[in-house]
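This report refers to the structure that appears directly beneath it.
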There are 2 protein chains.
Amino acid sequence: MTLRDVSEASGVSEMTVSRVLRDKGDVSAATRAKVKDAAKRLGYVPNRIAGSLASSHVNLIAVIIPSLKNMVFPEVLSGISDGLDDTDLQPVFGVTEYRPEREEKVLFEMLSWRPAGIIIAGLEHSDPSRAMLAQAGIPVVEIMDTDGDPIDACVGISHRRAGREMGEAIVAAGYRRIGFMGTQMPLDHRARKRFEGFTRTLAKSGIEITDRDFYAGGSALTKGREMTQAMLERHPDLDFLYYSNDMIGAGGLMYLLDQGVDIPGQIGLAGFNGVELLDGLPRKLATMDACRYEIGTRAARIIAARVLGQDPGEERVQLTPRIDLGDTLIRG
Amino acid sequence: MTLRDVSEASGVSEMTVSRVLRDKGDVSAATRAKVKDAAKRLGYVPNRIAGSLASSHVNLIAVIIPSLKNMVFPEVLSGISDGLDDTDLQPVFGVTEYRPEREEKVLFEMLSWRPAGIIIAGLEHSDPSRAMLAQAGIPVVEIMDTDGDPIDACVGISHRRAGREMGEAIVAAGYRRIGFMGTQMPLDHRARKRFEGFTRTLAKSGIEITDRDFYAGGSALTKGREMTQAMLERHPDLDFLYYSNDMIGAGGLMYLLDQGVDIPGQIGLAGFNGVELLDGLPRKLATMDACRYEIGTRAARIIAARVLGQDPGEERVQLTPRIDLGDTLIRG
DNA sequence: CCTTAGGAGGGGACTGCTCTATCCAGTTGA
DNA sequence: TCAACTGGATAGAGCAGTCCCCTCCTAAGG
């Protein structure tokens, strides 16, 4: 089923059929109708592979993210999808599982389809990946993070600063014996940067983290409970627990409520991400919004503008995450 | 940057370069090394658009799902991704937002890339969509649901049966005044089928739903709280609440625990999906596993086998969801 | 020692399907 | 009558794969 079939069925040249289907060039209304009718009758679906090869235009935007298991990324994808909605650009997703070698592979695969642009999470990439991104000759937007040197454009928040601000709020509130719980992911650079920003800020006030723990796999809520229990058994005198994400934070919160602990009096809590989930918990966990959806839309707008040859405006966008003290952090 | 550039840089024909890069045909180790070296030095990324056009082989599997906002689908995607992992097939995702006209558009877009197979959620499609699927001439696997006539292959669970079994468990446990809460989505056929199976089963025992309510948008957990409160104000004598998904069910559970209601003595609760989240709640919500991950892997295996010309085995797979009574449904 | 078969290594020509660029014929209007 | 369009056709390009062919070397047979 090709242009030829449609052209034969409608009695005009392939050229004319192509023009009708792409709404380009001048074709009389009568011919147009004839062609469209034939195409519909035959169930013709244009072959974009041939089309893209001929025109060297591809309407795909490659989107590379670490994971789908964490709700953070689907939200970014929604933003991208919405930001691209009024263009004919189409996002295509690839998942790296936080592994650099996977990232390389996924990137290579994606580039082999000659997309019109790339949106990729993070600023840390292997040398081959950076080389591919730089050489591709298409707009590249690195998202989520702004602590580092972008290859091209960039939209995100500063995770160092996010960690710092939370640290400041905690110190200001008077907490001093602080425990940290996070995910066991050396390759999650954003979590690492938050942690660094956090500890560095505490250090300025002469405070050192009392305990820390990392987990891998399993239900985040359950892990949050277990880790919190274990940490408090090790250090019953902790007065604050900072979690690297809201899910384990929520688990910790549930555990402490079960135990009848006074929150935020005896122990304060904070997470990160601002997940919607928190709104329904008995006590609202302090957190920090990661601007996920907006990151998606802004990145998409930059890509769209660049691809369509318009002015993309600001190309290094640093969004400001809002801290939300919720009910689990005393106002300092 | 094309095969020609690599061929010129390495001093062999384009043909030989192509063979080296695809690991096909006999090429001496020396030549192979020379070519690979040149390709790497130039940062050559093969053009799959041209490759696919030439070979009429595309390694893409189109995956069409209603939404990314519900964790159900990312889990299915993980399954698909894992199921395809040992092949060179690559999933490509499209999202319909539960809208048939979006589905048509997404399907058309995807088919225009001539994928090797399609995995699509649900059995209900518009006539044009069905026509496209049937005419595409590639394996089609409809997933999530088995209540209906698949176009080709099919992997899922029976949502009617899921509703029925939950209804039976509730009746067996002795509950009689039952309320239902769900999402306001006429186009979520699976939720509808569960509801039908549920009410029909109750009817057999002479029970009619006492109240029902539907919501749209907003945080599911919060909505669950609000709807539960509202429904109990309307009907304080309800003794069971069935939620169409675990998130609103969890919200309801939180509300009732806050209120000090005896669960499951005074009021029983059940949700649907078996989301991981439930494991960390103070009380485990009764639910039913939707086999999300397995649906993904099975669908992927069928597609892979068909595409590779192997025996796909069973092509109409009905999985059996396990009911989990948790702590919120008296054992009947 | 020569012949010959066979295989390994590599090249040439053409193809896939659509789009771009260019060109032509017919029409319209001044 | 000629210029300016309009509707439509023809030719060629885009890049890598398939099919088929050729060359050269090795090894076995006579």
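Order of the sequence lines fixes the chain letters, A, B, ..., with proteins taken first and strands second; residue numbering starts at 1 for each chain. Keep in mind that this is a model prediction, so the values were computed, not measured.
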**Nucleotide nearest Asn47(A) when distance is taken to its side chain, options dG10(C), dT18(C), dG8(D)** = dT18(C)
**Prompt:** Does Arg32(B) use its side chain to pair, donor to acceptor, with the backbone of Val27(B) at less than 3.5 Å?
**Reply:** yes
**Nearest to side-chain heavy atoms of Arg22(A), which nucleotide of dC19(C), dA9(D), dC17(C)** = dC19(C)
**Request:** Would you classify Thr31(A) as touching base, sugar-phosphate or nothing, given that sugar-phosphate means primed atoms plus P, OP1 and OP2, and contacts are heavy atoms under 4.0 Å?
**Result:** sugar-phosphate
**Request:** Starting from C1' on dA11(D), measure out to CZ on Arg4(A) and report it in whole angstrom.
**Result:** 14 Å
**Prompt:** Rounded to whole angstrom units, what separation is found between the CD1 atom of Ile49(A) and the P atom of dT15(C)?
**Reply:** 20 Å
**Request:** Kindly indicate whether the side chain of Arg19(A) and the base of dG8(D) share any N or O donor-acceptor pair separated by less than 3.5 Å?
**Result:** yes
**Item:** First encountered from the 5' end of DNA chain C, between Ser28(B) and Ser18(A)
**Value:** Ser28(B)
**Item:** Proximity to the side chain of Ala54(A) - top-ranked nucleotide from dG10(C), dA13(D), dA16(D)
**Value:** dA13(D)
**Prompt:** So with a 6.0 Å cut-off around CZ of Arg316(A), is the heavy-atom count from everything else above 12?
**Reply:** yes
**Request:** Nearest whole angstrom, please: distance from the C1' of dC22(D) to the CG of Asp26(B).
**Result:** 15 Å
**Message:** Before you tell me yes or no, could you show the steps for Arg130(B) and Asp149(B) under salt bridge (charged side-chain N to carboxylate O under 4.0 Å, His left out), namely the whole-Å CA-CA distance, both residues' side-chain angles and the distance that decides it to 0.1 Å?
**Reply:** CA-CA 11 Å; Arg130(B) 291 186 71 87; Asp149(B) 287 320; over 6 Å; no
**Prompt:** Between dC17(C) atom C1' and His57(B) atom NE2, what is the distance in whole Å?
**Reply:** 16 Å
**Request:** Check the pair Asp37(B) / Arg41(B) against salt bridge (charged side-chain N to carboxylate O under 4.0 Å, His left out), numbers first and verdict last.
**Result:** CA-CA 6 Å; Asp37(B) 184 62; Arg41(B) 206 175 55 245; 3.1 Å; yes
**Prompt:** Rounded to the Å, how far apart are Trp113(B) CH2 and dT18(C) P?
**Reply:** 13 Å
**Message:** Rounded to whole Å, how long is the line connecting atom CG of Asp23(A) with atom P of dC19(C)?
**Reply:** 12 Å
**Prompt:** For DNA chain D, whose closest nucleotide is more 5', that of Met15(B) or that of Ala50(B)?
**Reply:** Ala50(B)
**Prompt:** What's the closest nucleotide to the Val12(A) side chain, out of dG11(C), dC15(D), dA9(D)?
**Reply:** dA9(D)
**Message:** Output the rounded distance in Å from CD (Glu8(A)) to P (dT18(C)).
**Reply:** 13 Å
**Request:** To the nearest 0.5 angstrom, please state how far the CZ atom of Arg48(A) sits from the CG atom of Asn59(A).
**Result:** 4.0 Å
**Asked** Would Arg190(B) and Glu124(B) count as a salt bridge (charged side-chain N to carboxylate O under 4.0 Å, His left out) if you check the C-alpha gap in whole Å, the side-chain angles of each, and the deciding distance to 0.1 Å?
**Response** CA-CA 10 Å; Arg190(B) 291 174 289 286; Glu124(B) 284 77 18; 5.5 Å; no
**Asked** Looking at dG7(D), does its base get a donor-acceptor pair with the side chain of Arg32(A) below 3.5 Å?
**Response** no
**Prompt:** At under 4.0 Å, does any side-chain N or O of Thr16(A) touch on OP1 or OP2 of dA9(D)?
**Reply:** yes
**Request:** Return no unless some side-chain N or O of Ser55(B) is found under 4.0 Å from OP1 or OP2 of dG17(D).
**Result:** no
**Asked** CD of Glu14(A) versus P of dC19(C): gap in Å, rounded?
**Response** 11 Å
**Request:** Examine dA16(D): is either OP1 or OP2 under 4.0 Å from a nitrogen or oxygen in the side chain of Tyr44(B)? Give yes or no.
**Result:** yes
**Complete:** Regarding the side chain of Leu53(B), the nearest nucleotide among dG11(C), dT18(C), dG16(C) is dG16(C)
